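Okay, structure first, notes after.
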Amino acid sequence: MLRTILTTSVCGLALLAPGALVSTASATADQPAARAASSITGTWKGKVVGDAGSAGAYPAKVKITRKNGKLRATIVYPGHCRGAWKLTGKKQGWTTFRETIRTGPCVDPVQVKVKRSGARLKVVWREPLTGDQATMLAKRK
């Protein structure tokens with residue numbers, strides 16, 4: 001009787017083990033996809049709104065990359081300016097940058113913060129001297 005119970009228990013464990021391994025492997029395989037879905041890296045484009053210094057919404061395209069473990073970005077405001085973002089930190093779910101304009105007449109330096117909002121990237125610019133703010137809800141290009 002004990003031998004029957006022991007054999008049944010061992011067989012039961014053998015049947016459960018492969019399922020447990022599949023679940024673990026599946027969860028591990030899903031992690032990169034989840035990370036990619038929440039990543040801010042990539043090329044994003046959208047319309048900047050709320051900028052007190054502009055006549056209305058205007059396009060912007062930002063490319064965020066990771067080099068040697070550090071985030072950095074380039075920004076293009078077509079027909080106006082080009083610049084770069086330097087990582088300054090992370091705070092309350094936001095990644096923060098300092099925007100410096102390299103070409104064109106746009107204001108700089110400007111504080112920038114970004115975070116994912118579903119499939120989109122939410123970007124908020126704040127000009128430190130005046131407090132002027134602008135936002136963009138960008139989609140992947």
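Throughout, numbering of the chain's residues begins at 1 and tracks the sequence. Please read these numbers as outputs of a predicted model, since none were measured by experiment.
- In this structure, Lys86 and Thr100 have side chains that are not in contact, with every pair of non-hydrogen atoms separated by 4.5 Å or more.
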Test log, rule side-chain contact (heavy atoms from CB on, under 4.5 Å), inputs Leu137 and Ser117: CA-CA 8 Å; Leu137 194 56; Ser117 180; 4.2 Å; yes
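- We find the CD-SG distance between Glu127 and Cys106 to be 12.0 Å, quoted to the nearest 0.5 Å.
- Note: Lys90 NZ to Leu71 CG = 6.0 Å, rounded to the nearest 0.5 Å.
- Nearest heavy-atom pair, Asp132 versus Ala52, reported as atom, atom and distance to 0.1 Å: OD1-N, 3.2 Å.
- Here the CZ atom belonging to Arg126 is positioned 13.0 Å from the OG1 atom belonging to Thr96, to the nearest 0.5 angstrom.
- Grouping the Ile, Leu, Val, Met, Phe, Trp and Tyr side chains by contacts below 4.5 angstrom, directly or via other members, places Phe97 apart from Val76.
- To the nearest 0.5 angstrom, Asp108 atom CG is 13.0 Å from Ile75 atom CD1.
- Across all non-hydrogen atoms, the minimal contact from Arg140 to Gly42 is NH1-CA, 3.6 Å.
- Residues Glu99 and Pro109 fail the side-chain proximity criterion, which asks for heavy atoms closer than 4.5 Å.
- Here CD1 of Ile101 is found 5.5 Å from OH of Tyr77. Values are rounded to the nearest 0.5 Å.
- Side-chain atoms of Leu87 and Thr95, non-hydrogen and from C-beta on, do get closer than 4.5 Å to each other.
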Distance-only donor-acceptor pairs under 3.5 Å for side chains of residues 55-69, two or more places apart:
unit_1 : atom_1 : unit_2 : atom_2 : d
Tyr58  : OH     : Asp51  : OD2    : 2.7
Arg66  : NH1    : Gly69  : O      : 3.4

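- Lys113 contributes atom NZ, which lies 8.0 Å from atom NZ of Lys122 (distance to the nearest 0.5 angstrom).
- Cluster membership for Val110 and Val124, using ILVMFWY side-chain heavy atoms within less than 4.5 angstrom, is not shared.
- Trp44 places none of its side-chain heavy atoms less than 4.5 Å from the side chain of Val114.
- Nearest heavy atoms, Trp94 versus Lys115: CZ2-CE, 3.5 Å.
- Minimum heavy-atom separation, Trp125 to Thr135: CZ3-C, 3.9 Å.
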